[in-house]
Structures are given as C-alpha cells and as structure tokens.
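So the structure is just underneath, and the comments pick up after that.
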Amino acid sequence: MRIVLVGPPGAGKGTQAAYLAKNLSIPHISTGDLFRANISQGTDLGKRARAFMDEGRLVPDEVTIGMAKDRMSQPDALNGFLLDGFPRNVGQAEALDEILRSESVELDAVLDLEVPEDEVVKRIAGRRICRNESAHVFHETYNPPKAEGVCDTCGGELYQRDDDSEETVRTRLEVYHTQTEPIIDYYRAQGLVVTISALGKVTDVTERAMEALKRSEEG
Ligand code: AMP
C-alpha cells in the first residue's frame, strides 16, 4: 500500500506511522526524521534545512522533494510506503503525483488524523522523544517514562525537540493551517481521504486507523 499520513503537529503521526508501517509491512518514511538525521550527520542538506526547522517553517520544496524522491526510490519502498510529513503543501502533493505517475503507481489512501487545537498544544509542550528512535515518544504528564529522561522501550536518552518550544509550535500550527491543510482538499478531490479521530489511547487510534484503511481499500 502507498499511504500518506496528514495531521497537525502533535497529532501523533510519528507514533501511528511506526505502528501502521509495521502492521502493513511497509517502510515508514518521515521527511522530518530524514532532515534530523542529516542535521546530526552535518550534511549540506542538513545545514540548509536547519534554519527553517528551528523556526517551524517548511524547508524549501527544491530540497524536500528531491530528498523524499530519493528515499522513495530505495528498494524497500518499491512495493509501498507510509509517508509521514510529506507532502506538506500542494506543490509537494503535485510533485508526488508526478513521481508516482512516472512509476505507474498510485496512492491508496490519505489518512487524516484529527485532533483539537488545545490538545495539540498540550501534547507538544510535554513531548519527550528518544534519541535512538523518534517513534518512541513520551509525555511528561500523559505518558511519563518509568525513569525520567530514559526511554522505556530501548533505554535511549529522551530529549525535547528544539522546534517543540511554545513559540515555534505556534508557527508550525499556522504553517499547517495555511500550507498543509489545503492538501486534504486536493486529495479529497481524488477520493483518497479517510479521516479518523486521533484522540484516546495510542493502540485505539492504531486500531481505528487500520479499520479505516481497510474500509477505504474495500470501498
Ligand atoms: P516533523 O518531524 O514532521 O514534525 O517535521 C519537522 C520539521 O521538518 C518541520 O517543521 C519542517 O521544518 C521540516 N519538514 C518536515 N517535512 C517537511 C516537508 N515535507 N516540507 C518542508 N519541510 C518539512
């Protein structure tokens, strides 16, 4: 399956993407993770992306689209993938369509994770992420790790993302509403959108998502 995951920052895209990708046996492709890996490796691409990310703005399309295309052309992604954080504007959605057309393949679904804005702010403010694996996500209050600062799953160090500060989150939400939300209408016109609530337990949301994807496949 070829799936796009959309939703505001803090909707739980990364967490859900990891579970869904595992359940569906397809790779989880996160452009945010790819950028962060480039930054920690000190690559030129990472240096270009950093300033935009720190401010909560989108990295320019000419950098992002090439990086996503490269990743999608890796052997593990030939039979499907779950895109998390790409596309993030209509230009990227059009570029993705073009990439898929050139391979004579199509998207199967666009899974839209819905969550109220006040919940998003609460989730992000206390979010702590594992340095080893970004899908290992905890929350100071809602989902605290057993030992402070240590990942329950793999023992990795937990940290707060630079762009999870209150000011940057406000920018990221605005960017989401103005630039990313329009892709939902773009995909709705193609009949691809399935919307689910991202509230509740992680496992419940995963179950909801799997059912919605199954229904969309049958429909
Ligand atoms: P994420 O981990 O998906 O929340 O992404 C973190 C940051 O990486 C975003 O706030 C952007 O600055 C950048 N980023 C990730 N994906 C994209 C994309 N598709 N287009 C532009 N910038 C992106």
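Keep in mind the model is a prediction, meaning the values are calculated, not measured. Counting starts at 1 for both ligands and their atoms, in listed order.
Hydrophobic side-chain contacts under 4.5 Å tie Leu158 into a cluster, directly or through other members, with Phe138. Under a 4.5 Å side-chain heavy-atom criterion applied to ILVMFWY residues, the cluster that includes Leu111 comprises Met1, Ile3, Leu5, Leu20, Leu24, Ile26, Leu82, Leu113, Val194, Ile196, Val205, Met210, Leu213 as well.
For ligand 1, the 4.0 Å heavy-atom shell takes in Thr31, Gly32, Phe35, Arg36, Met53, Arg57, Leu58, Val59, Thr64, Gly85, Phe86, Arg88, Gln92, Arg161, Asp163, Arg172, ordered by chain and residue number.
Here Glu181 pairs with nothing under the salt bridge (Lys or Arg N to Asp or Glu O under 4.0 Å) rule; sequence neighbours left out.
A donor-acceptor contact closer than 3.5 angstrom links the side chains of Gln16 and Thr206.
Distance OG1/Thr153 to CD/Glu133: 9.0 Å, rounded to 0.5 Å.
Using a cutoff of 4.0 Å between basic side-chain nitrogens and carboxylate oxygens, Asp97 and Arg101 are not scored as salt-bridged.
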